[in-house]
Amino acid sequence: DYKEIALPHGLRACWSIPVIASNGDVVASFALYWNEPKAPKADDHVMVERYANLVAVAVERHRKDHALKESELRFREIAETIGEVFWISSPKADEIYYVSPLYEKFWGQSCEELYRNPMIWVEAIHEDDRLQVDPAPQEFPNGSYDAQYRVVRPDGSTIWIQDRHFPVYD
């Protein structure tokens with residue numbers, strides 16, 4: 001059916017091979033066109049198969065990247081619409097991977113400040129409450145760590161926080 005398209009462009013031969021994903025699905029077709037009629041030789045078969053394998057890897061990578069982006073968008077939609085401050089940190093709490101925008105409302109500090117200085121949230125805890133707060137608990141009896149404390153915002157106002165940490169394992 002494509003002969004009428006190929007001929008005006010000087011194409012006289014086409015070798016095609018299915019592009020097969022690692023799960024066995026055909027995800028594309030890889031084709032080479034030639035300007036002279038010819039049949040593929042053994043070396044040509046090897047070359048076309050290699051290209052088809054590279055295309056399969058690229059297609060799978062593209063699909064995985066797309067799925068990851070979609071998953072991240074769903075995560076952000078949930079995390080940024082719940083009515084609580086939500087963040088993900090390293091086990092030692094020395095690096096923040098994500099913080100929801102509501103952090104700014106409660107702590108009165110920007111999320112960027114928290115990313116730059118992951119312990120700034122602890123510095124905002126009322127001095128009378130600091131000893132009872134473990135910023136990076138290593139033990140989680142009953143599956144989580146709970147604390148209540150006051151946060152002193154930059155404007156001097158104080159708010160109470162119910163804090164719950166829990167580990168997420170590999």
Side-chain angles (χ1 to χ4, degrees), residues 1-107 109-122 134-140 142-145 163-170:
D1 294 343
Y2 297 103
K3 183 177 183 180
E4 308 313 324
I5 297 172
L7 290 175
H9 295 285
L11 304 173
R12 300 295 180 261
C14 175
W15 309 335
S16 179
I17 186 172
V19 175
I20 301 172
S22 59
N23 66 0
D25 289 347
V26 176
V27 295
S29 176
F30 181 80
L32 284 176
Y33 290 88
W34 298 91
N35 59 2
E36 57 192 47
K38 64 191 239 177
K41 297 177 184 158
D43 288 347
D44 296 327
H45 282 288
V46 171
M47 177 185 62
V48 170
E49 286 177 7
R50 284 185 183 158
Y51 287 140
N53 288 336
L54 289 173
V55 170
V57 169
V59 168
E60 286 191 76
R61 175 67 186 260
H62 173 74
R63 287 181 173 179
K64 287 178 181 177
D65 287 348
H66 179 73
L68 181 61
K69 286 177 186 173
E70 288 294 316
S71 177
E72 182 179 349
L73 285 173
R74 285 191 300 276
F75 162 79
R76 286 186 181 277
E77 184 176 344
I78 292 167
E80 293 177 6
T81 57
I82 61 175
E84 298 179 9
V85 177
F86 170 80
W87 72 61
I88 301 171
S89 70
S90 62
K92 293 181 181 179
D94 58 351
E95 187 175 1
I96 303 296
Y97 303 132
Y98 173 82
V99 61
S100 63
L102 208 53
Y103 172 81
E104 294 180 359
K105 178 181 176 185
F106 283 89
W107 262 260
Q109 302 167 343
S110 74
C111 294
E112 288 304 315
E113 287 179 272
L114 184 63
Y115 286 120
R116 280 193 303 273
N117 179 4
M119 298 310 287
I120 197 168
W121 70 274
V122 177
D134 185 352
Q138 298 303 308
E139 295 188 27
F140 294 89
N142 305 324
S144 66
Y145 166 84
D163 189 354
R164 181 171 176 250
H165 297 218
F166 58 92
V168 177
Y169 299 100
D170 289 344

Is the shortest heavy-atom distance from the side chain of Phe86 to the side chain of Val99 under 4.5 Å? no
Can you list the residues that meet the side-chain hydrogen bond (donor to acceptor under 3.5 Å, both in side chains) rule with Asn117, with sequence neighbours excluded? none
Where Ile96 and Pro118 come nearest, the two heavy atoms and their spacing: CG1-CB, 3.8 Å
Which heavy-atom pair separates Pro101 from Cys111 by the least distance, and what is that distance? CA-SG, 4.0 Å
Are there more than 12 heavy atoms of other residues, nucleotides or ligands under 6.0 Å from atom NZ of Lys105? no
Determine which pairs satisfy side-chain hydrogen bond (donor to acceptor under 3.5 Å, both in side chains) with at least one residue from residues 45-65, sequence neighbours left out, and list them in order. Ser22-Glu60, Arg61-Asp65
Could you check whether any side-chain heavy atom of Ile20 comes within less than 4.5 Å of a side-chain heavy atom of Asp25, counting everything from C-beta outward? no
Parallel, tilted or perpendicular: ring planes of Trp121 versus Trp107, cut at 30 and 60 degrees: perpendicular
Listing request: all side-chain hydrogen bond (donor to acceptor under 3.5 Å, both in side chains) pairs with a residue in residues 7-16, at least two apart in sequence or in separate chains. Ser16-Ser29
Any chance you could measure Asp44, atom CG, to Trp34, atom CH2, to the nearest 0.5 Å? 6.0 Å
Just distance, no hydrogens or angles: give the donor-acceptor pairs under 3.5 Å from side chains in residues 70-83, sequence neighbours left out.
{"unit_1": "Glu72", "atom_1": "OE2", "unit_2": "Arg76", "atom_2": "NE", "d": "3.1"}
{"unit_1": "Glu72", "atom_1": "OE2", "unit_2": "Arg76", "atom_2": "NH2", "d": "3.4"}
{"unit_1": "Glu80", "atom_1": "OE2", "unit_2": "Tyr98", "atom_2": "OH", "d": "3.1"}
{"unit_1": "Thr81", "atom_1": "OG1", "unit_2": "Glu77", "atom_2": "O", "d": "2.7"}
{"unit_1": "Thr81", "atom_1": "OG1", "unit_2": "Ile78", "atom_2": "O", "d": "3.3"}

Hey, could you give me each pair passing side-chain hydrogen bond (donor to acceptor under 3.5 Å, both in side chains) that has a residue in residues 83-94? Not counting sequence neighbours. Ser90-Asp94
Side-chain touch Leu114/Tyr103, heavy atoms, less than 4.5 angstrom: yes
Taking side-chain hydrogen bond (donor to acceptor under 3.5 Å, both in side chains) as the test, write out the residues that go with Glu95, two or more places apart. none
Can you name the nearest heavy-atom pair linking Ala93 to Met119, along with the distance? O-SD, 3.5 Å
